[in-house]
Visitor: 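Mind looking over this structure? Questions follow.
It should be emphasised that the depicted structure is a prediction, and the values quoted were computed from it without experimental measurement. Numbered from 1 within each chain, the chains take letters A, B, ... in sequence-line order.
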Protein chains: 2
Amino acid sequence: MNDYVTLTEEEKDFLVSKVICRKYLKGQYIVQQGDICKYSCFVLSGCTKTFYMDPQGQEHIVMFSIEDWWSSDIGSFINQTPADFNIQCLESTELAMFSYDVIEELYSEIPKLERFFRQVTERGLIASQKRIVRSFSLSAKEQYIYFRNQYPKIDQRIPQYMIASYLGITKEFLSKIKSQLALE
Amino acid sequence: MNDYVTLTEEEKDFLVSKVICRKYLKGQYIVQQGDICKYSCFVLSGCTKTFYMDPQGQEHIVMFSIEDWWSSDIGSFINQTPADFNIQCLESTELAMFSYDVIEELYSEIPKLERFFRQVTERGLIASQKRIVRSFSLSAKEQYIYFRNQYPKIDQRIPQYMIASYLGITKEFLSKIKSQLALE
DNA sequence: AGCAGATGTTAATCTAGATTAACATCATTT
DNA sequence: AAATGATGTTAATCTAGATTAACATCTGCT
């Protein structure tokens, strides 16, 4: 965060006093579908997956969040409505958690943060739109190659079947793609 | 916009003095892929399509913007980098255009606008994420039904082959879906 | 009126990716 | 070390949606 906003000592103290730092264990849920998402979380260490469970019980992974990423169901957080997504820790994960009430307070106390969070959201929107374009202009194989480049480390940290779910394909087909790529 | 921010008379005057209102004709481009997107545009009347032209020359429609929507390549606008998308008018279209330089000026003169644009971006991000989820949890037919409900009017205003492109399917398959739905 | 270009439909064939199921590996637990 | 459960691979078959191509309609234009 230091890269994006410069805060005075008092502002820093105020911010730190309002943020909740908490550690979750592997497997624990930060948000469950249907809950109201009370916190917007900055990942200090570890890894989370954000996923949607469809009526047929199929899991669709929307994003992975690793160190220095944000993790929350923004739709639920912003409007304080039931979450569409589950967020679960794939590893032991440390979070800096901004609660809904506190974030409004932070905006009025430290107007620079309004700008900061606008920019965070802008980057999120840009990434999300790019993902839509990829999903309909690239083949599954191309998307997997893109994924591998985008997250060179994450690939080793999470199981293949979750990568398949993130890409919107089956684990069997991902396996086929990987063996194809190995031959090339 | 009046629904989201309350401005004093001076603020209103200042805003109006900085915004460019312009009319485009059907077929004209507001942004072309590779350009730097200089304006973030609010659609006063008419309709635009935002699309990506892939290396094979295939057109992929990312969104339609009608009255009261925003239309821009935010990625390009925010970072002042070459645009990934084309934005073209499907009808004669009136826009309120906020230039990159002016928007920064507006944020510092009228801090309330910083909040307003953060909220606009948040709503955009929520919509974009929901679209991703739909694209991998709904069949083409279900997505078309969703589209028809979401934009009951747009359906009559734009050609079928563009709707197909928006849905990420071919026009022939959309035609098949429509005749299936007509029988039900 | 008649022609050209843009849009829409139908039907036959093709393919990327899904599904199913059998088997392989690897960790944990007992 | 054997057993259980979680993960990964391979191969056979199936299907949603793509492609191609022929034919309608529906413009506007001369």
Visitor: Check A/Glu105 with A/Lys18, please: is the shortest side-chain N to carboxylate O separation under 4.0 Å?
Guide: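 Salt bridge flag = yes for A/Glu105 with A/Lys18.
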Visitor: Excluding sequence neighbours, so at least two apart, what forms side-chain hydrogen bond (donor to acceptor under 3.5 Å, both in side chains) with B/Asp54?
Guide: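 So B/Asp54 forms a side-chain hydrogen bond (donor to acceptor under 3.5 Å, both in side chains) with B/His60.
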Visitor: Which Ile, Leu, Val, Met, Phe, Trp or Tyr residues join A/Leu138 in one cluster when any pair of side-chain heavy atoms under 4.5 Å counts as a link?
Guide: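 Answer for A/Leu138: none, a lone residue.
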Visitor: Using the side-chain contact (heavy atoms from CB on, under 4.5 Å) criterion, which residues pair with A/Tyr161? Sequence neighbours excluded.
Guide: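 With sequence neighbours excluded, A/Tyr161 shows a side-chain contact (heavy atoms from CB on, under 4.5 Å) to A/Pro159, A/Lys171, given in chain and number order.
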Visitor: Using chain A heavy atoms and a threshold of under 4.0 Å, write down where along DNA chain D the contacts begin and end, 5' to 3'.
Guide: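 Contact span on the strand: D/dT7 to D/dT10.
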Visitor: In residues 156-174 of chain A, which residues come under 4.0 Å of DNA chain C by heavy atom?
Guide: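 Heavy-atom cutoff 4.0 Å gives A/Gly168, A/Ile169, A/Thr170, A/Glu172, A/Phe173.
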Visitor: Would you mind listing the cluster partners of B/Met97? Hydrophobic ones only (ILVMFWY), side-chain contacts under 4.5 Å, chaining allowed.
Guide: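 Direct or chained contacts put B/Met97 with B/Ile20, B/Tyr24, B/Ile30, B/Val31, B/Tyr39, B/Val43, B/Ile87, B/Leu95.
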Visitor: Only counting residues at least two apart or in another chain, list the ones meeting side-chain hydrogen bond (donor to acceptor under 3.5 Å, both in side chains) with B/Glu104.
Guide: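 If we apply the side-chain hydrogen bond (donor to acceptor under 3.5 Å, both in side chains) test to B/Glu104, skipping adjacent residues, the hits are A/Arg115.
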Visitor: Taking only residues two or more places apart in sequence, or in another chain, which ones meet A/Tyr29 in a ring-ring contact (aromatic ring centres under 6.0 Å, His included)?
Guide: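 ring-ring contact (aromatic ring centres under 6.0 Å, His included) check on A/Tyr29 returns nothing, list empty.
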Visitor: Using the side-chain contact (heavy atoms from CB on, under 4.5 Å) criterion, which residues pair with A/Ile78? Sequence neighbours excluded.
Guide: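 Expected list: A/Ile74, B/Glu122, B/Ile126.
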Visitor: Considering the terminal five base pairs at each end of the helix from C/dA1-D/dT30 to C/dT30-D/dA1, what angle separates the two local helix axes, rounded to 10°?
Guide: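 The end axes of the helix from C/dA1-D/dT30 to C/dT30-D/dA1 are about 30° apart, to the nearest 10°.
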Visitor: Among residues at least two apart in sequence or on other chains, which ones pass ring-ring contact (aromatic ring centres under 6.0 Å, His included) with A/Phe64?
Guide: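 Here the qualifying residues are A/Tyr166.
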Visitor: Could you work out, with ring-ring contact (aromatic ring centres under 6.0 Å, His included) as the rule, every residue matching B/Phe51, not counting sequence neighbours?
Guide: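 If we apply the ring-ring contact (aromatic ring centres under 6.0 Å, His included) test to B/Phe51, skipping adjacent residues, there are no hits.
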